[in-house]
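Take a look at the structure set out below.
Quick caveat: nothing in here was measured; it's all calculated off a predicted structure.
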Amino acid sequence: MFTGIISDIGRLVSRDGGRFVISSSYAPDTIALGASIACDGCCLTVVSVAPVDAGSLFAVDVSNETLSRTALGAWSRGRRINLERALRAGDELGGHIVTGHVDGVGEIEKSWLDGDSRRFTISVPPALAPYIASKGSVALNGISLTVNEVEDCRFGINIIPHTLTHTTLGERKPGDRVNLEVDIFARYVARLMEQRR
């Protein structure tokens with residue numbers, strides 16, 4: 001379980017098939033084998049960890065299922081990655097409940113400056129559109145965000161300067177694909193409504 005508050009920006013050091021090695025500033029003795037780390041919003045399991053001067057290198061195995069349902073398949077060496085450690089009991093819930101189970105891939109259609117902030121329009125698969133509501137929550141590449149407006153299979157978000165500088169979202173541009181996780185509560189409400197029909 002995560003909150004969508006990014007705690008580090010890692011970098012993809014190498015990938016060999018489904019084995020991805022990522023650098024981070026996390027101290028190696030704080031990463032247990034089997035720990036969950038959200039990498040651009042995708043919950044992955046640490047299978048090895050090693051110390052480096054600036055922090056650690058950790059490896060994760062990415063299955064074909066994950067590659068087919070997320071944007072991870074397009075990652076190349078050097079890519080910067082939003083990282084978040086798993087939520088612990090007593091931690092502050094600053095964003096919203098994020099599972100790290102990516103629902104699908106969205107695409108950035110537009111990006112423009114709005115004062116000091118940057119606005120984005122994101123298109124989503126039709127099957128996910130009903131779960132996105134104005135002023136509701138979504139996670140894009142692991143970042144907890146508030147939806148500004150929704151129109152059909154598109155929604156808008158407004159990114160403040162802090163988020164632009166403390167995540168990789170400021171690097172994203174039209175045409176980029178992003179991992180999308182809808183609000184888990186929206187899914188449960190939709191399921192309940194289905195059962196009442």
(message) What I'd like to find out is whether the side chain of Ile157 reaches to under 4.5 Å of the side chain of Thr146, using heavy atoms alone.
(response) no
(request) Is it possible for you to say whether Ile184 and Leu87 belong to one hydrophobic cluster, with membership spreading through side-chain heavy-atom contacts below 4.5 Å? (result) yes
(request) Treating Ile, Leu, Val, Met, Phe, Trp and Tyr as nodes and any side-chain heavy-atom pair under 4.5 angstrom as an edge, say whether Val182 and Val98 lie in one connected cluster. (result) no
(message) Can you confirm whether Val124 sits close enough to Ile132 that some side-chain heavy atom of one is under 4.5 Å from a side-chain heavy atom of the other?
(response) yes
(message) Using modelled atom types and a 3.5 Å cut-off, is there a donor and acceptor pairing between side-chain atoms of Glu84 and backbone atoms of Gly4?
(response) yes
(request) Could you tell me whether Arg79 and Asp40 make a salt bridge, using a distance below 4.0 angstrom between a side-chain N and a carboxylate O? (result) yes
(message) Taking the cut-offs as 6.0 angstrom to the six-membered ring centre and 45 degrees off its axis, would you call Arg172 and Phe120 a cation-pi pair?
(response) no
(message) Does Glu181 form a side chain to side chain contact (heavy atoms under 4.5 Å, CB included) with Val102? I'd like the steps, not just the answer.
(response) CA-CA 5 Å; Glu181 182 181 331; Val102 174; 5.6 Å; no
(message) Taking CG in Asp114 as the centre, count heavy atoms belonging to other residues, nucleotides or ligands within less than 6.0 Å. Is the count above 12?
(response) yes
(message) For Val62, is there any backbone N or O sitting under 3.5 Å from a side-chain donor or acceptor partner on Thr66?
(response) no
(message) What I'd like to find out is whether the side chain of Cys39 reaches to under 4.5 Å of the side chain of Phe58, using heavy atoms alone.
(response) yes
(request) Kindly indicate, with the supporting measurements, whether the criterion side chain to side chain donor-acceptor pair (under 3.5 Å) is fulfilled by Thr168 and Asn82. (result) CA-CA 6 Å; Thr168 64; Asn82 295 317; 3.1 Å; yes
(request) Determine the minimum heavy-atom distance between Glu171 and Asp176, stating which atoms define it. (result) O-OD2, 4.2 Å
(message) Pair Val178, Ile108 - check side chain to side chain contact (heavy atoms under 4.5 Å, CB included), show working.
(response) CA-CA 8 Å; Val178 289; Ile108 298 175; 4.2 Å; yes
(message) Less than 4.0 angstrom from a charged side-chain N to a carboxylate O is my criterion; do Lys135 and Glu149 meet it?
(response) no
(message) I'd like to know if Ile9 and Val46 are part of one continuous hydrophobic network [Ile/Leu/Val/Met/Phe/Trp/Tyr, side-chain heavy atoms within less than 4.5 Å].
(response) no
(message) For a quick test of reading the model, state the closest non-hydrogen atom pair linking Pro126 to Cys153 and the distance between them.
(response) CA-SG, 3.6 Å
(message) Can you confirm whether Asn148 sits close enough to Phe155 that some side-chain heavy atom of one is under 4.5 Å from a side-chain heavy atom of the other?
(response) no
(request) Examine Ile143 and Leu12 and state if one hydrophobic cluster contains both, with Ile, Leu, Val, Met, Phe, Trp and Tyr joined whenever side-chain heavy atoms are less than 4.5 Å apart. (result) no
(message) As a quick check of understanding, evaluate side chain to side chain contact (heavy atoms under 4.5 Å, CB included) for Arg154 and Glu109, giving each step before the final call.
(response) CA-CA 9 Å; Arg154 295 174 181 82; Glu109 290 194 344; 2.7 Å; yes
(message) For a quick test of reading the model, state the closest non-hydrogen atom pair linking Val21 to Ala59 and the distance between them.
(response) CG2-CB, 4.1 Å
(request) Flag the pair Phe20 / Asp61 as yes when at least one side-chain heavy-atom distance between them is below 4.5 Å, and no otherwise. (result) no
(message) Between Ile159 and Ser117, does the side chain to side chain contact (heavy atoms under 4.5 Å, CB included) criterion hold? Intermediate values first, please.
(response) CA-CA 5 Å; Ile159 310 301; Ser117 299; 5.8 Å; no
(message) Would you say that Ile37 contacts Val60 through its side chain, given a criterion of any heavy-atom pair below 4.5 Å between the two side chains?
(response) no
(message) Can you confirm whether more than 12 heavy atoms, excluding those of Asp16, are under 6.0 Å from its CG atom?
(response) no
